[in-house]
Amino acid sequence: MSFVPPRRWRWQAGLCALLLFTTPIFAVNAPQDVRLPPLKERTTPAPALFSHWGHNSQHCYGCHPSVFPQSPLGFTHQDMQEGRACGSCHDGQAAKAVRTMSCEACHAPR
Ligand code: HEC
Ligand code: HEC
Ligand code: HEC
């Protein structure tokens, strides 16, 4: 005979299953930190990194493929200043403006 859990366990089992299957979805599909392709050669600062986990309040489709298409494109501060890439949100309205953030927020080696 196979094991049949008592009736009172079943909602706990359902909850466990729900947590198991929903929690890792974000982590599995989006790498935590991605290095942005540098367009301009330099020695400092460190390459800019983007944190998916720091943006989990946003929807994937808010950024992909419109702002950040499937194949990564390089961009510069000039582009962000003109409202492209990170600057499409980090304009001081939807999110903090790039120039008001510390360099380390984006350029620190993590
Ligand atoms: C706030 C903007 C933003 C959101 C929201 C976002 N991403 Fe990204 N994603 C980026 C950026 C920036 C990159 C790196 C540059 C590029 O690939 O164009 C990236 C890269 C990726 C990559 C390629 C990683 C690599 O190593 O090249 C995958 C896969 C990805 N994202 C999946 C997701 C998924 C899945 C979600 C939703 C759960 C998501 N992203 C939400 C901005 C975002
Ligand atoms: C909102 C995130 C963010 C902040 C804040 C930020 N940067 Fe950047 N920076 C980037 C990204 C993204 C790139 C393009 C990828 C790369 O070259 O690493 C970049 C590129 C650069 C470059 C290459 C040339 C260029 O114009 O693209 C320099 C130099 C630079 N940053 C310096 C700085 C300095 C100095 C500060 C602080 C005053 C700073 N950054 C703050 C995200 C940021
Ligand atoms: C779709 C809009 C959107 C885009 C595009 C976006 N961000 Fe953000 N970012 C946010 C929001 C909103 C926050 C505030 C935290 C939150 O609510 O998720 C944030 C927070 C951050 C923070 C933390 C700021 C702090 O001081 O706490 C960093 C660093 C950051 N973003 C870097 C980037 C970089 C680098 C890019 C481009 C590769 C980028 N973001 C593109 C919306 C966006």
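Indexing begins at 1, ligand by ligand and atom by atom, following the structure's order.
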Which heavy atom of [X] sits nearest to which heavy atom of [Y], and what is that distance?
| X | Y | result |
| --- | --- | --- |
| Ala30 | Trp53 | O-NE1, 4.3 Å |
| Leu49 | Arg35 | CD2-CA, 3.6 Å |
| Met101 | Cys106 | CE-SG, 4.3 Å |

Heavy-atom side-chain contact between [X] and [Y] under 4.5 Å:
| X | Y | answer |
| --- | --- | --- |
| Pro37 | Pro72 | yes |
| Cys86 | Phe50 | no |
| His52 | Val34 | yes |

Would you call [X] a ligand 1 contact, heavy-atom distance under 4.0 Å?
| X | result |
| --- | --- |
| Gly62 | no |
| Pro69 | yes |
| Arg35 | no |

Go through ligand 3 atom by atom and flag the ones less than 4.0 Å from a non-hydrogen atom of [X].
| X | value |
| --- | --- |
| Cys89 | 1 (C), 2 (C), 3 (C), 4 (C), 5 (C), 42 (C), 43 (C) |
| Gly54 | 18 (O) |
| Ser57 | 16 (C), 17 (O), 18 (O) |

Please determine whether His55 has a backbone or side-chain N, O or S atom lying under 2.8 Å from atom 8 (Fe) of ligand 1.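 Not a single backbone or side-chain N, O or S atom of His55 is under 2.8 Å from atom 8 (Fe) of ligand 1.
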Taking both backbone and side-chain atoms into account, decide whether His64 has an N/O/S atom under 2.8 Å from atom 8 (Fe) of ligand 1.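 Here the distance criterion (N, O or S atom, under 2.8 Å) is met by His64, so yes.
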Hey, does the side chain of Arg42 reach the backbone of Pro45 with a donor-acceptor pair shorter than 3.5 angstrom?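 Yes, Arg42 side chain to Pro45 backbone: donor-acceptor pair under 3.5 Å.
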Could you tell me whether a side-chain N or O of His90 sits under 3.5 Å from a main-chain N or O of Ala95, the two making a donor and an acceptor?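 Answer holds: no.
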To which of [options] does the heavy atom nearest [atom] belong?
| atom | options | answer |
| --- | --- | --- |
| atom 29 (C) of ligand 2 | Pro45, Ala48, Ala97 | Pro45 |
| atom 8 (Fe) of ligand 2 | His77, Lys96, Gln78 | His77 |
| atom 17 (O) of ligand 2 | Glu41, Arg42, Lys40 | Arg42 |
| atom 41 (C) of ligand 3 | His90, Arg84, Glu104 | His90 |

Which ligand 2 atoms does [X] reach within 4.0 Å, using its non-hydrogen atoms?
| X | result |
| --- | --- |
| Pro38 | 16 (C), 17 (O) |
| Pro47 | 18 (O) |
| Val98 | 1 (C), 4 (C), 5 (C) |

With backbone taken as N, CA, C and O and side chain as the heavy atoms from C-beta onward, which portion of [X] lies under 4.0 Å from ligand 1: side chain, backbone, both, or neither?
| X | answer |
| --- | --- |
| Pro31 | side chain |
| Leu36 | side chain |
| Cys86 | neither |
| His59 | backbone |

Taking both backbone and side-chain atoms of Gln58, is any N or O found less than 3.5 Å from an N or O belonging to ligand 3?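 No; the residue has no nitrogen or oxygen that sits under 3.5 Å from a nitrogen or oxygen of the ligand.
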Mind checking whether Ser88 has an N or O less than 3.5 Å away from an N or O of ligand 3?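 No, since none of the N or O atoms of Ser88 sits under 3.5 Å from an N or O of ligand 3.
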Using 0.5 Å steps for rounding, measure from the [atom1] atom of [X] to the [atom2] atom of [Y].
| X | Y | atom1 | atom2 | result |
| --- | --- | --- | --- | --- |
| His64 | Gln58 | NE2 | CD | 11.5 Å |
| Leu39 | His77 | CG | NE2 | 11.5 Å |
| Asp91 | Lys96 | CG | NZ | 14.0 Å |

Considering distance alone, does some N or O of Pro37 sit under 3.5 Å from an N or O of ligand 2?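 No, since none of the N or O atoms of Pro37 sits under 3.5 Å from an N or O of ligand 2.
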Report yes if Thr76 has an N/O atom closer than 3.5 Å to an N/O atom of ligand 2; otherwise report no.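 Between Thr76 and ligand 2, no N or O pair is found under 3.5 Å apart.
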Give the atoms of ligand 1, by number and element, whose distance to some non-hydrogen atom of Pro72 is under 4.0 Å.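 Under 4.0 Å from Pro72, ligand 1 has these atoms: 16 (C), 17 (O), 18 (O).
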Ligand-side contact atoms (ligand 1) for residue partner Val34, heavy atom cut-off under 4.0 Å: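 By the 4.0 Å cutoff, the relevant atoms are 13 (C), 14 (C), 19 (C), 24 (C), 25 (C), 26 (O).
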Is Met80 close enough to touch ligand 2? Criterion: a residue heavy atom under 4.0 Å from a ligand atom.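 Right, Met80 reaches ligand 2.
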Can a non-hydrogen atom of Gly74 be found less than 4.0 Å from any atom of ligand 2?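 Flag not set, Gly74 not near ligand 2.
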Classify the contact between [X] and ligand 2 as side chain, backbone, both or neither, using a heavy-atom distance cut-off of under 4.0 Å.
| X | result |
| --- | --- |
| Ala105 | neither |
| Ala85 | neither |
| Phe50 | neither |

Could you check [atom] against the protein and tell me its nearest heavy-atom contact, residue, atom and distance included?
| atom | value |
| --- | --- |
| atom 1 (C) of ligand 2 | Cys106 SG, 2.8 Å |
| atom 14 (C) of ligand 2 | Phe75 O, 3.2 Å |
| atom 5 (C) of ligand 2 | Ser102 O, 3.5 Å |

Structural part of Cys63 in contact with ligand 3, heavy atom criterion under 4.0 angstrom: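 For Cys63, the contact with ligand 3 is made by the side chain alone.
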When you look at CZ of Arg99, are more than 12 heavy atoms from neighbouring residues, nucleotides or ligands closer to it than 6.0 Å?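 No, CZ of Arg99 has 12 or fewer neighbouring heavy atoms, counting only those of other groups under 6.0 Å.
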Does Cys103 put an N, O or S atom under 2.8 Å from atom 8 (Fe) of ligand 2?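 No, Cys103 does not qualify, because none of its backbone or side-chain N, O or S atoms lies under 2.8 Å.
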